Amino acid sequence: MSTQLHQLQQEHLSRLQRDYAALLEEHRLDCLAIYSGHANAFFGDDQTPAFQTYGHFMHWVPLADVQHSWLVIRPHQRPQLYLYAPTDFWHLPTQLPEEPWVSEFDIHLCSDKRQPALEGHAAIIGDTTQLPDAHQHAQRNPDALVHGLDELRITKSAYEIACLREANRLAMAGHEAAQAAFLGASGELDIQLAYLAGSRQRESAVPYQNIIGLNDHAGVLHYQHYDLSPPKQRHSLLVDAGRRFRGYCADITRTHAGPDAPAFFAELVHALHGLKDGLVSGVATGADFVDLHEQMHRQLGDILVTHDLFRGSSDQAVAEGVTRAFCPHGLGHSLGLQVHDVAGLHQPDGSPAPPPSAHPALRLTRTLERDMVVTIEPGLYFIPMLLTPLRQQGLPINWTLVDHCLPCGGIRIEDNIVVTDQRPTNLTR
Ligand code: GLY
Ligand code: MN
Ligand code: MN
């Protein structure tokens, strides 16, 4: 860990100390206990799925996989970290990293699954549903407090932005390895393995299940399998894959035209890169993300017209829902300790800010503020389930061209962007 990152982390922790103290005082709380969470075994089994630490715990403690642990915050006092560290010959015992941040906490290594004592007015946040009820007097996950804490995560400190930048650097090495594997005619599983090797991570550590779709699988938005064998023809590859660094997530998508794709598809991929770049340049303090999303639809309409997929006007393509059939997801979302980070669908005061009814999949509806980090991820897909209903409507869609593109599945290009008062910072470049 570089000295500079340590200094940034110290400033980040000082900011948390200050902001938590203000919030606890506002909510008349003497202490707040944050539970890391723990993995629950599959029903009737002793095996568990991969685990990730609760986001508000990781906001303080840069350990993405600690379980059965507690962090107790009291205004203007040193944070108390109760780290579960059983004496155990089945597993490697928990060890503290030799990193400067540990000196910012009073650390208690616990050999049992103890719940710390909480005095006065107390609250607990985290998934405590499976725990014995040791703190009956404490409020559990009070809405207003959790919204306030979520709000502290919507804008990122310089430390968090540095972590997101490093997560992007590591993920991009994976994307380059995945592209090389595609050029070498690998199938989905081998592209996934190349991605994991290139980004230096094991599969259980990924921030979300990597989407590795060849051909028409590129048109399945959250395609969840990896075919073992390469297909006979290679039209396209869509890779939506990330990486964590100290808990912070990269979320990057690239689409490549293959040797068997029509030249037209490669031109569309190029156009989507241009669309993404144009939308990124609109990311700035004060911009309304719903407006940016609607701008994506207008520009997608232009692309459909320019590339002869739609033989009407761009306005008609938007008004008749054609652009929504070609791109049914949102422009992007907030990014941080969770890949779809908290507070994207709330106003700063905690009141709900649901997506417009025409765009139910949009995960961020806020006015952008400096130091928010968002994804910008326009897409253009050939999804039979969404396009087939349009065939009966007599719309001026060039179905011959659409049918030509169906084997290519679709295109998504996704970058991770820091909002600033001037030009946005693209972490993915
Ligand atoms: N990887 C999920 C998303 O892009 O939102
Ligand atoms: Mn995303
Ligand atoms: Mn993604």
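Whatever order the structure lists them in is the order used to number ligands and atoms, beginning at 1. Keep in mind that what you see is a predicted model, and the values were worked out from it rather than measured.
A salt bridge (Lys or Arg N to Asp or Glu O under 4.0 Å) with Arg246 is found for one member of Glu99, Glu166, Glu160 and no other, namely Glu99.
Near ligand 1, heavy-atom contacts under 4.0 Å come from Tyr208, Asp240, Asp251, His333, His340, Glu377, Glu414.
Around atom CD of Gln393, more than 12 heavy atoms belonging to other residues, nucleotides or ligands sit under 6.0 Å away. The environment of Arg370 atom CZ is sparse: at most 12 non-hydrogen atoms of other residues, nucleotides or ligands sit within 6.0 angstrom.
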Would you check, one step at a time, whether the test salt bridge (Lys or Arg N to Asp or Glu O under 4.0 Å) holds for Arg254 with Asp415? CA-CA 9 Å; Arg254 290 290 179 264; Asp415 283 0; 2.8 Å; yes
Under the criterion salt bridge (Lys or Arg N to Asp or Glu O under 4.0 Å), I'd like the reasoning laid out for Asp341 against Lys156: C-alpha separation, chi angles, the key distance, then a yes or no. CA-CA 11 Å; Asp341 212 7; Lys156 271 62 184 181; 2.9 Å; yes
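A donor atom on one side chain and an acceptor atom on the other are found under 3.5 Å apart for Ser199 and Gln201.
Backbone or side-chain N, O or S atoms of His333 reach the Mn ion (ligand 2) at under 2.8 Å.
Legend: protein N/O/S atoms lying under 2.8 Å from the Mn ion (ligand 3), waters omitted, number 4.
For Asp227, there are no salt bridge (charged side-chain N to carboxylate O under 4.0 Å, His left out) partners at least two apart in sequence or on another chain.
Side-chain atoms of His404 never come within 3.5 Å of backbone atoms of Pro262 as a donor-acceptor pair (strictly under, hydrogens ignored).
Within the 4.5 Å cutoff, no side-chain heavy atoms of His222 are placed close to those of Gln209.
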For residues 372-383, tabulate all N or O donor-acceptor pairs below 3.5 Å that involve a side-chain atom, not counting sequence neighbours.
residue, atom, partner, partner atom, Å
Thr375, OG1, His333, N, 3.1
Thr375, OG1, His333, NE2, 3.3
Thr375, OG1, Glu377, OE2, 2.8
Glu377, OE2, His333, NE2, 3.0
Tyr381, OH, His329, NE2, 2.6
Tyr381, OH, Arg412, NH1, 2.7

